[in-house]
Amino acid sequence: MARFKITTLHTRNSNGIRIEPGMTVEVVTQSMSNPVNTNGGQTVVDAFMRIYGIDIRKAGALSMTELRVEQI
């Protein structure tokens, strides 16, 4: 099992969703691969919904250019 810390890098206001730099979530995965690229990033989407109540996919910010991924 691997634990990842995902942090937003830029301000974004899209589809009525505002994202600020520094918004951070942690996800635990069964594999060592990047959770943003695995299973369409669903674990990351779920974590942002659970913590902040936003749909990061709908905001168009579910990409490696918008997020920093660190393995903890």
Side-chain angles (χ1 to χ4, degrees):
M1 295 184 89
R3 193 167 81 171
F4 293 90
K5 179 179 169 183
I6 297 101
T7 306
T8 57
L9 298 175
H10 307 103
T11 301
R12 189 171 183 94
N13 194 3
S14 178
N15 292 326
I17 300 168
R18 180 156 178 92
I19 296 175
E20 294 287 334
M23 296 171 85
T24 303
V25 296
E26 289 186 12
V27 296
V28 177
T29 63
Q30 294 293 330
S31 68
M32 299 296 283
S33 59
N34 185 339
V36 174
N37 299 326
T38 306
N39 292 332
Q42 191 59 46
T43 56
V44 177
V45 171
D46 293 343
F48 272 95
M49 184 60 76
R50 184 176 59 251
I51 304 295
Y52 297 104
I54 61 170
D55 187 346
I56 196 163
R57 181 179 289 136
K58 183 179 175 185
L62 186 63
S63 72
M64 290 305 295
T65 58
E66 298 289 329
L67 301 171
R68 177 177 52 232
V69 178
E70 303 171 65
Q71 186 172 0
I72 302 174

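Computed from a predicted structure; not experimentally measured.
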*From I6, I54, T7, residue fulfilling side chain to side chain contact (heavy atoms under 4.5 Å, CB included) relative to M23*: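 Exactly one candidate clears the test, I54.
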
*Applying side chain to side chain contact (heavy atoms under 4.5 Å, CB included), run through Q71 and R3 and close with a yes or a no.*
CA-CA 6 Å; Q71 186 172 0; R3 193 167 81 171; over 6 Å; no

*Any side-chain heavy atom of I56 within less than 4.5 Å of one from L67?*
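Yes; the side chains approach each other to less than 4.5 Å.
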
_With sequence neighbours excluded, residues passing side-chain hydrogen bond (donor to acceptor under 3.5 Å, both in side chains) with T65_ =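 Partners of T65 by the side-chain hydrogen bond (donor to acceptor under 3.5 Å, both in side chains) criterion, ordered by chain and then number, come out as S63.
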
_Can you list everything that forms a side-chain hydrogen bond (donor to acceptor under 3.5 Å, both in side chains) with R18? Sequence neighbours excluded, please._
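Listed in chain order: E20.
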
Taking all heavy atoms of [X] and all of [Y], pick out the closest pair and write down the distance.
X   : Y   : value
A2  : S31 : CB-O, 3.6 Å
R12 : A61 : CD-CB, 3.8 Å
P35 : V69 : CD-CG1, 4.1 Å
E26 : R50 : O-NH2, 4.3 Å

*asked:* Checking the side chain of N15 only, and the main-chain atoms of I17 only, is there a donor and an acceptor separated by less than 3.5 Å?
replied: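 No.
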
How would you list all residue pairs meeting ring-ring contact (aromatic ring centres under 6.0 Å, His included) that involve [range], not counting sequence neighbours?
range          : answer
residues 14-35 : none
residues 28-72 : F48-Y52
residues 7-40  : none

*Stepwise side chain to side chain contact (heavy atoms under 4.5 Å, CB included) check, M49 with D55*: CA-CA 6 Å; M49 184 60 76; D55 187 346; 3.9 Å; yes

Could you state the interatomic distance from [atom1] ([X]) to [atom2] ([Y]), rounded to the nearest 0.5 Å?
X   : Y   : atom1 : atom2 : result
F4  : R68 : CZ    : CZ    : 15.0 Å
N37 : L62 : CG    : CG    : 8.5 Å
I51 : D46 : CD1   : CG    : 11.0 Å

*Qualifying residues under salt bridge (Lys or Arg N to Asp or Glu O under 4.0 Å), relative to R57, sequence neighbours excluded*: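 Counting only residues at least two positions away or on another chain, R57 forms no salt bridge (Lys or Arg N to Asp or Glu O under 4.0 Å).
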
*Can you get from M64 to V27 by hopping between Ile, Leu, Val, Met, Phe, Trp and Tyr side chains that sit under 4.5 Å apart?*
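In one cluster: yes.
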
